[in-house]
Amino acid sequence: MKHSFLDRYSSLDSPIHRLDPRAKIVSFLAALLIIVSEPRGEVQSFLFYYVLIGALVWISRIPVRFLLKRCLIVAPIVLMAAGLMLVSGSPIAEGAIDHPHGGRALLSLSIALKAFAAVILLTLLTSTERFHRLLEGMRALKMPALLGVLSAFMYRYAFIISDEMLRTSRARLSRTPGRLNISRFTVYGHQAATIFVRSWERSQTVYNAMCSRGFTGRFPLRTALHFRPVDALFLISFTLVFVAVRIVI
Amino acid sequence: MERAENSMRNDPVRAAGVTITDLTFSYEEEREVLCGVTLRIEPGERFGIIGPSGAGKSTLLLHLNGILTPGRGTVEIGGLPVDRESIAEIRQKVGLVFQNPDDQLFNLTVEDDVAFGPLNLELSSEEVSACVEEALAEMNLLGFEELSSHHLSYGERKRVALATVLAMRPEVVAFDEPFSNLDPAMVEHLIDIIGSLPATVIIVSQSILPVIASCDRLAVLNRGRLVATGSTREIASDRALLRHCGLDFHFYCDVCHELNLLQGGTDV
Amino acid sequence: MERAENSMRNDPVRAAGVTITDLTFSYEEEREVLCGVTLRIEPGERFGIIGPSGAGKSTLLLHLNGILTPGRGTVEIGGLPVDRESIAEIRQKVGLVFQNPDDQLFNLTVEDDVAFGPLNLELSSEEVSACVEEALAEMNLLGFEELSSHHLSYGERKRVALATVLAMRPEVVAFDEPFSNLDPAMVEHLIDIIGSLPATVIIVSQSILPVIASCDRLAVLNRGRLVATGSTREIASDRALLRHCGLDFHFYCDVCHELNLLQGGTDV
Amino acid sequence: MHIADGIIAAEICLAADAVSIGALYAFGRKTEAEDIAVMGFMGAALFVASLIHFPIAGTSLHLGLFGLAGILLGIRAFPVVFTALLFQSLIFQHGGLLTLGLNAINMGAGAMAGWIVWKAGRIPENIRAFVAGFVGILLPASLMAVEFQLTGYGRGAVYIAYIYSIVAVVEGVLTLTIIGFFRRVKPDIIERSQR
Ligand SMILES: Nc1ncnc2c1ncn2[C@@H]1O[C@H](COP(=O)(O)OP(=O)(O)OP(=O)(O)O)[C@@H](O)[C@H]1O
Ligand SMILES: Nc1ncnc2c1ncn2[C@@H]1O[C@H](COP(=O)(O)OP(=O)(O)OP(=O)(O)O)[C@@H](O)[C@H]1O
Ligand SMILES: [Mg+2]
Ligand SMILES: [Mg+2]
């Protein structure tokens, strides 16, 4: 795993990138909530939502291809849900009973639209901000402290594990001419366990190394967050537009 | 450590040559890590590649058994080009000892790890045991069979890593920094082993003295380019070249001289 | 690489002594890895611990800042015993450079990694930048700031690991195999740096020549026991002792001699 | 396994969020500094495991390791699962942000079940490890099926659980191997977990 894989486009520069992470977190979360709480079977308003999100994408200069790839990740579960709805769904939970014919089709469509809109919003959030600044923003927004520290560790340890995976597979490949004999599949188990144990050990030594460099439980940040009027303006106007669409349409 | 008659050493020499032509590679788009490396290593030769840290030495080695794919250029082992089709045969021919032993060990015990390669070669179980025991003995590791590599010191793991590759009896053995983290006695022993392997040996290292002691020819890699190739004598005495590449080792000699004086100039 | 005036070097010497008393430790019940090690290192001294692979050198170092807890015996840093209560203070005083750089690096970019320690010391952001830049310059790493430490060559990672500890300006710096995987120019430079650190320096290594060049006193560790302590001259010229512990480095000297002859015996 | 935003009714999601944030505070309160490293590691392991997909029965399934998390961390597995999910939803769009609480409850339940199985004395360690891994993934899948039904997806959802029982076997074996490896290489980890 490349480190750039996680926040690959966070080093681009755009008005969105320059916003304070707190402004982005709150406004994107609000938009997410508004979109997801759209009644089932409602599809017209999504035209507007997608236009709004599209504008954001355009301003942020995040490549569309990249966003589409991210949508592919959730595609299986979304398609499964949409498919289930089409085949065996019953609109018991909410409205949409007034679509007797297109009912189920509209229901599936609205589920897919919601899910993909949510994915694009979240991807935008994470690819327009460096990950540790995002965490800092969440902490400033009173996210439980444990969550912040855990995330920071997790982020680092994830590299350690994937590093270990890359190395052991190189080693296995180098000494495996041809395909691994099926009767020796336990090798995979041992390899997995080795990766686990070794990255466990490495995570412990890394933690020790951190302690020996004065770590006390809080990750230091080099540049402090700075909430400007522009951020407030973005937060308010962005949220209002979404609320307006939700109410009016 | 001395073992007089040794089957690996008495094998007929099965060594393959290595030809690298115009090899170019970059991990990321901007930075070329290897630029147009062309090199010919004869069968049975002991060939050293020296270069400063970050020169691209490890990257070059990873091309020898197709773990990395060249951006441009080709690598041939014994006339066989390294590519998708030939990969199985290539990996049988080429044994790679990684720079970091932890990259190499992934089985439960030392014995499993050493046996992993030979088992993949579909040898009979006696042959496998023989290979394993021989490799362990070579590396002075008898008695470690049942230990887990997680419980060994770094230098011990390094020796296990060497054993895992020797046990496969490859035609080309490529060592990445074999001498680091070993004690002097082990370094000397390893130089002996390298001298007697019935294979082509490629050594990549920054520990210049042991490389000089073990190689017939040297190449100097600097920032991804081959800046010189020649006999060990030629390269080792070209002090200007070495200094230019940050490889000037004369300072080690100074330390030795000083000590020899201390001892009243003992015989050399 | 030469930097004339350098704030780290001009700091007043803040160095603490180290006292190890009857240190005994074992990872598993049966095998004692350290047996009754007693050692006193003076403030500001450059102290080398040499020993063959598996002697227990790394294990010893891990006791210096409380990563391992002694089975028996005590460790004191500047008079302060290493235990649960004092651990935070100890860790500020003692900087440990691990044998394997991968044990040490965990931030995404080289700069973040080096800045981590100074930031934890709650220095102002200018001071942090100054520390970081200085440490990177020392290790010849300028230009690497934005790279990911996972994408560097082993020697480069090693240098980053060294820089992370140097940036913290500890009172005791303990290096585990600092010279391995570095090119000769870097080794020479590191010896210079070690010579000018305003701290007590402990070096654990099997690369005997650089240790000799950088230490005032040496101790020899063999199978967990301290078999000798003395001035560098004394230990380095006791060939019988060194040979007994697998540390006889004269073979390096032979290589040098041979080369010097080749060059027509250049000046030393 | 990871439910995306917009699939389950918003009310259910919000209720689950409230519950799981409460649980986060309750279970996470007593963590000590040293535990954090282990928890962070386990979270990273969950996170990486969920990236290892393998195709079965037309969909692509992935590992969970929830049983293992339960074995090694006990009750503290919940904050870890929660954080790992937050991560996945933010970085890989695996699951969603509003469904975070729901997903955390599902998978946290798996971890708890694994822990309970592991604690059941007398039974040989290998069997306990296998079963812990097995229920660790099957329980979340079953809970997910129930939630789908509640939202009105009909009976089709039950098949989710069937499909996941295949993964559950793989998980069981993997958990068993890792625990066996630990027993051999780092027994202190296992001893710690049995306290
Ligand atoms: N985690 C561990 N569990 C059990 N035994 C260990 C562990 N780590 C090291 N050992 C054993 O302790 C002994 C000393 O190990 P240590 O790493 O201190 O050696 P070292 O002197 O640093 O050697 P090297 O120069 O090879 O790094 C070795 O025999 C090793 O097998
Ligand atoms: N995975 C990677 N991604 C990006 N760049 C890399 C990666 N691995 C190495 N590099 C870069 O490629 C260059 C060559 O690396 P390589 O590991 O081949 O050097 P080396 O000669 O083996 O050095 P050393 O002696 O320090 O091991 C270095 O500048 C390094 O920063
Ligand atoms: Mg290298
Ligand atoms: Mg060591």
Side-chain angles (χ1 to χ4, degrees), chain B residues 27-28 33 50-59 99-100 102 151-156 158-159 176-177 179-188 191 206-210 212-213 233 236-237 239 242-243 245-260 262-263 266 268, chain C residues 27-28 50-59 99-100 102 140 151-156 158-159 176-177 179-188 191 206-210 212-213 233 236-237 239 242-243 245-260 262-263 266 268:
Chain B
Y27 287 100
E28 288 147 10
V33 172
I50 58 179
S53 160
K57 305 181 296 298
S58 303
T59 310
Q99 186 162 10
N100 187 346
D102 294 336
H151 292 171
L152 300 182
S153 84
Y154 194 89
E156 287 163 348
K158 188 105 195 175
R159 274 143 60 195
D176 197 349
E177 293 290 353
F179 305 112
S180 76
N181 293 295
L182 296 182
D183 52 54
M186 196 62 214
V187 169
E188 222 175 322
I191 293 177
Q206 296 165 347
S207 320
I208 314 261
L209 293 178
I212 290 175
R233 292 182 164 232
S237 39
R239 197 162 166 184
L242 292 180
R243 185 176 302 140
C245 301
L247 295 170
D248 185 4
F249 60 93
H250 283 71
F251 127 87
Y252 290 120
C253 297
D254 298 351
V255 176
C256 284
H257 272 279
E258 222 166 281
L259 286 168
N260 267 329
L262 284 177
Q263 289 172 262
T266 29
V268 185
Chain C
Y27 288 101
E28 289 147 7
I50 57 180
S53 163
K57 304 181 297 297
S58 303
T59 310
Q99 186 162 13
N100 189 347
D102 296 331
N140 209 3
H151 291 172
L152 298 179
S153 84
Y154 194 86
E156 288 164 347
K158 187 103 194 175
R159 274 145 61 198
D176 198 348
E177 294 288 354
F179 306 110
S180 75
N181 292 293
L182 296 183
D183 51 56
M186 197 63 215
V187 170
E188 216 173 328
I191 293 177
Q206 294 164 349
S207 318
I208 315 263
L209 292 179
I212 290 176
R233 288 182 167 233
S237 37
R239 195 162 169 182
L242 292 179
R243 184 175 303 138
C245 300
L247 294 171
D248 185 6
F249 60 93
H250 283 70
F251 129 86
Y252 290 120
C253 297
D254 298 353
V255 176
C256 283
H257 272 280
E258 219 166 283
L259 285 169
N260 266 329
L262 285 177
Q263 288 173 262
T266 28
V268 185

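In what follows, chains carry the letters A, B, and so on, assigned in the order in which the sequence lines appear, proteins first and then strands, with residues in each chain numbered from 1.
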With a 4.5 angstrom heavy-atom cut-off, is it the side chain or the backbone of [X] that approaches chain B, or both, or neither?
X        : result
C:Tyr27  : neither
C:Leu242 : neither
C:Ser53  : both

(request) Tell me, please, which residues at least two apart from B:Gln99 pass side chain to side chain donor-acceptor pair (under 3.5 Å). (result)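 Partners of B:Gln99 under the side chain to side chain donor-acceptor pair (under 3.5 Å) test: B:Ser58, C:Asn181.
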
Hey, what do you get for [atom1] ([X]) to [atom2] ([Y]), rounding to the nearest 0.5 Å?
X        : Y        : atom1 : atom2 : result
B:Cys256 : C:His257 : SG    : NE2   : 6.5 Å
C:Asp102 : B:Asp102 : CG    : CG    : 8.0 Å
B:Asp183 : C:Lys57  : CG    : NZ    : 7.5 Å
C:Arg233 : B:Glu258 : CZ    : CD    : 7.0 Å

Between C:Ser153, C:Pro210, C:Gly246, C:Ser207, which residue shows the highest count of heavy-atom pairs closer than 4.5 Å to chain B?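 Most heavy-atom pairs within the cutoff with chain B belong to C:Gly246.
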
Toward chain C, the part of [X] with a non-hydrogen atom under 4.5 Å:
X        : value
B:Tyr252 : both
B:Ile50  : neither
B:Ile212 : side chain
B:Arg159 : side chain
B:Glu156 : both

>> For the interface with chain C, which of B:Val33, B:Leu182, B:Ile208, B:Asp248 has the highest count of heavy-atom pairs at distances below 4.5 Å?
In response: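 Most heavy-atom pairs under 4.5 Å with chain C: B:Leu182.
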
Contacts of type salt bridge (Lys or Arg N to Asp or Glu O under 4.0 Å), residue C:Asp176, not counting sequence neighbours: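 For C:Asp176 there are no salt bridge (Lys or Arg N to Asp or Glu O under 4.0 Å) partners, ignoring immediate neighbours.
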
Of the non-hydrogen atoms in C:Ala213 and B:Phe251, which two are nearest, and what is the gap between them?
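Of all heavy-atom pairs spanning C:Ala213 and B:Phe251, the closest is CB-CE1, 4.3 Å.
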
